[in-house]
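Step one of this worksheet: look at the structure below.
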Protein chains: 2
Amino acid sequence: MSENSAVFKIGELAKKVGSTVETLRFYETKGLLQSHSRSAAGYRLYNDSHLTQLSFILQAKKVGFSLKEIKYLLGLNLAKEAHTCEEVKTYTGEKIAEIDAKIRDLQSIRGSLHQMYEACCGGTEKATHCSILHTLAASDLSTELGARQ
Amino acid sequence: MSENSAVFKIGELAKKVGSTVETLRFYETKGLLQSHSRSAAGYRLYNDSHLTQLSFILQAKKVGFSLKEIKYLLGLNLAKEAHTCEEVKTYTGEKIAEIDAKIRDLQSIRGSLHQMYEACCGGTEKATHCSILHTLAASDLSTELGARQ
DNA sequence: ATTGACCCTAAAGTAAGCTATAGGGTTTAT
DNA sequence: ATAAACCCTATAGCTTACTTTAGGGTCAAT
């Protein structure tokens with residue numbers, strides 16, 4: 001029932017994901033997003049699966065994966081014959097551990113910022129005596145923020 | 001009682017935080033970490049407050065703050081007269097919101113990777129039919145990962 | 001049939017965040 | 001007193017991830 005066979009050009013795809021035409025072409029040179037069909041005029045043509053893949057790329061990028069890592073993740077999917085289940089499981093396991101570490105770090109720094117935020121009056125006076133700045137200057141920041149170093 | 005007045009040279013400071021001498025000097029050129037005293041020979045001298053500040057820098061970097069943003073955060077602390085409480089509170093509030101968004105994104109992609117991880121047998125055979133790859137290929141990835149785009 | 005909004009390639013340029021090189025002084029241990 | 005292990009400045013080079021420029025076709029509407 002649903003119209004899932006839509007074909008779109010690069011500008012439309014870029015718009016759909018809030019990216020730019022240039023960036024998508026750049027991703028193509030990096031092997032991240034290949035358009036396998038072209039119009040008569042040589043225009044790149046994309047479909048919903050490209051949209052899916054591009055969304056994955058952008059989401060992964062947003063959380064700190066490099067284009068190289070993303071390519072590898074996508075490559076696991078594309079070159080199935082070249083990878084064992086063991087390899088796939090090991091790699092994703094590592095990535096999960098990295099993500100967990102990153103979440104912990106974010107929560108730690110969030111705690112510090114929140115503490116600063118809550119302690120500040122927020123008024124229009126000069127921040128000379130503002131507790132938010134005292135918090136930032138306090139040495140427990142090094143304990144809290146630098147401990148996992 | 002505790003020995004808190006230690007003074008160290010750049011190599012020691014770098015070692016303490018697991019960074020390099022070159023990086024610390026680079027941060028100095030960027031205005032992130034200034035050593036205000038030098039030895040007779042012109043060697044940079046640091047103390048515990050530098051260590052605190054450097055730990056903050058590295059932690060913030062680790063969670064995705066740019067050096068420019070970190071400089072601003074540190075600047076709030078250093079140039080107190082130039083900022084109002086309101087400004088400080090607004091800025092930290094924004095940063096907290098960014099961190100929250102990032103944590104949500106990380107948890108979303110973590111969920112997908114974990115689902116893949118759990119679904120894979122992990123054996124030594126070729127991954128041609130491995131469910132982990134099917135998961136990656138599945139279109140619900142775009143729903144789950146691209147929805148907040 | 002021409003104008004404006006698209007599309008193409010190839011290549012150069014940019015910004016962030018380091019990293020390395022060159023050339024030279026200093027400190028410390030033997 | 002000399003060699004290894006440090007420190008200094010200045011500058012060039014590198015990687016990542018785009019962005020811009022130049023020069024040119026295509027398509028849809030007027």
Side-chain angles (χ1 to χ4, degrees), chain A residues 6-47 50 53-75 98 102 105 149, chain B residues 6-47 50 53-75 98 102 105 149:
Chain A
V7 167
F8 20 90
K9 286 181 283 178
I10 195 164
E12 302 170 74
L13 181 57
K15 202 168 210 173
K16 273 175 199 286
V17 298
S19 186
T20 74
V21 166
E22 290 74 28
T23 300
L24 303 198
R25 283 199 283 246
F26 170 71
Y27 287 167
E28 185 175 303
T29 71
K30 292 287 162 176
L32 285 170
L33 184 73
Q34 238 86 34
S35 151
H36 293 298
S37 63
R38 295 278 181 124
S39 75
Y43 290 11
R44 288 168 181 82
L45 298 175
Y46 302 92
N47 56 37
H50 290 107
Q53 183 157 336
L54 182 53
S55 299
F56 180 83
I57 292 168
L58 295 177
Q59 189 76 5
K61 209 173 60 68
K62 221 159 121 187
V63 299
F65 284 109
S66 72
L67 298 189
K68 209 171 187 174
E69 289 171 311
I70 295 169
K71 187 179 177 180
Y72 186 81
L73 272 169
L74 293 170
E98 282 173 28
K102 206 157 190 172
D105 287 338
Q149 196 56 256
Chain B
V7 168
F8 22 91
K9 286 180 285 178
I10 196 164
E12 302 169 75
L13 181 57
K15 201 168 211 172
K16 273 175 201 284
V17 297
S19 186
T20 74
V21 166
E22 289 74 25
T23 298
L24 302 199
R25 282 198 284 244
F26 171 72
Y27 286 166
E28 186 175 300
T29 71
K30 293 287 162 178
L32 286 170
L33 184 74
Q34 237 85 35
S35 152
H36 293 296
S37 63
R38 295 278 183 124
S39 75
Y43 289 11
R44 288 167 182 83
L45 298 176
Y46 302 92
N47 56 37
H50 290 106
Q53 181 157 336
L54 183 53
S55 299
F56 180 84
I57 292 168
L58 296 176
Q59 190 76 4
K61 210 174 61 70
K62 222 158 123 186
V63 299
F65 285 109
S66 71
L67 298 190
K68 212 169 184 174
E69 289 171 310
I70 296 169
K71 187 179 177 180
Y72 187 82
L73 272 169
L74 293 171
E98 282 173 27
K102 206 157 193 174
D105 287 339
Q149 199 53 259

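Lettering of chains follows the sequences in order, A, B, ..., and the numbering in each one begins at 1.
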Taking side chain as C-beta onward, heavy atoms only, is [X] less than 4.5 Å from [Y]?
{"X": "A/Glu69", "Y": "A/Glu98", "answer": "yes"}
{"X": "B/Leu74", "Y": "B/Ile57", "answer": "yes"}
{"X": "B/Leu13", "Y": "B/Leu33", "answer": "yes"}
{"X": "B/His50", "Y": "B/Asn47", "answer": "yes"}

| said: Quick check: closest heavy atoms across A/Val21 and A/Ala14, and the distance to 0.1 Å? | reply: N-CB, 3.7 Å
| Any residue of residues 35-44 of chain B with a heavy atom less than 4.0 Å from an atom of DNA chain D | B/Arg38, B/Gly42, B/Tyr43, B/Arg44
Whether [X] contacts [N] is assessed here as follows: a side-chain N or O lying under 4.0 Å from the phosphate OP1 or OP2. Is that the case?
{"X": "A/Lys61", "N": "D/dT16", "value": "no"}
{"X": "A/Tyr27", "N": "D/dC18", "value": "yes"}
{"X": "A/Thr23", "N": "D/dA17", "value": "no"}

In this structure, how many angstroms lie between the [atom2] atom of [N] and the [atom1] atom of [X], rounded?
{"X": "B/Phe8", "N": "D/dA5", "atom1": "CZ", "atom2": "C1'", "answer": "20 Å"}
{"X": "A/Ile10", "N": "D/dC27", "atom1": "CD1", "atom2": "P", "answer": "16 Å"}
{"X": "A/Phe26", "N": "D/dT16", "atom1": "CZ", "atom2": "P", "answer": "10 Å"}
{"X": "B/Leu24", "N": "D/dC8", "atom1": "CG", "atom2": "P", "answer": "10 Å"}
{"X": "A/Lys30", "N": "D/dT19", "atom1": "NZ", "atom2": "P", "answer": "14 Å"}

| said: Listing request: all ring pair (Phe, Tyr, Trp, His ring centres under 6.0 Å) pairs with a residue in residues 8-45 of chain B, at least two apart in sequence or in separate chains. | reply: none
| message | Under the rule for side chain to side chain donor-acceptor pair (under 3.5 Å), what residues qualify as partners of B/Ser35, not counting sequence neighbours? | response | none
| side chain to side chain donor-acceptor pair (under 3.5 Å) involving B/Thr23 - partner list, sequence neighbours excluded | B/Thr20
| query | Residues in salt bridge (charged side-chain N to carboxylate O under 4.0 Å, His left out) with A/Glu28, at least two apart? | reply | A/Arg38, A/Arg44
| said: Heavy atoms only, 4.0 Å cut-off, all strands: where does B/Lys9 land among base, sugar-phosphate and nothing? | reply: sugar-phosphate
| Heavy-atom contact window of chain B on DNA chain C, given 5' to 3' at under 4.0 Å | C/dG17 to C/dT27
| note | The answer to which of A/Arg25 and B/Thr20 contacts DNA chain C further toward the 5' end, by nearest nucleotide, is A/Arg25
| query | Ignoring hydrogens and geometry, is there a side-chain-to-backbone donor-acceptor pair from B/Gln53 to B/Leu32 under 3.5 Å? | reply | yes
| query | If you measure from OH on A/Tyr46 to CD on A/Glu12, what distance do you get to the nearest 0.5 Å? | reply | 11.5 Å
Heteroatom pairs (N/O) under 3.5 angstrom, protein to nucleotides 28-30 of chain D:
none

| Pairwise 5' ranking along DNA chain D for B/Lys15 and A/Lys68, keeping only the more 5' one | B/Lys15
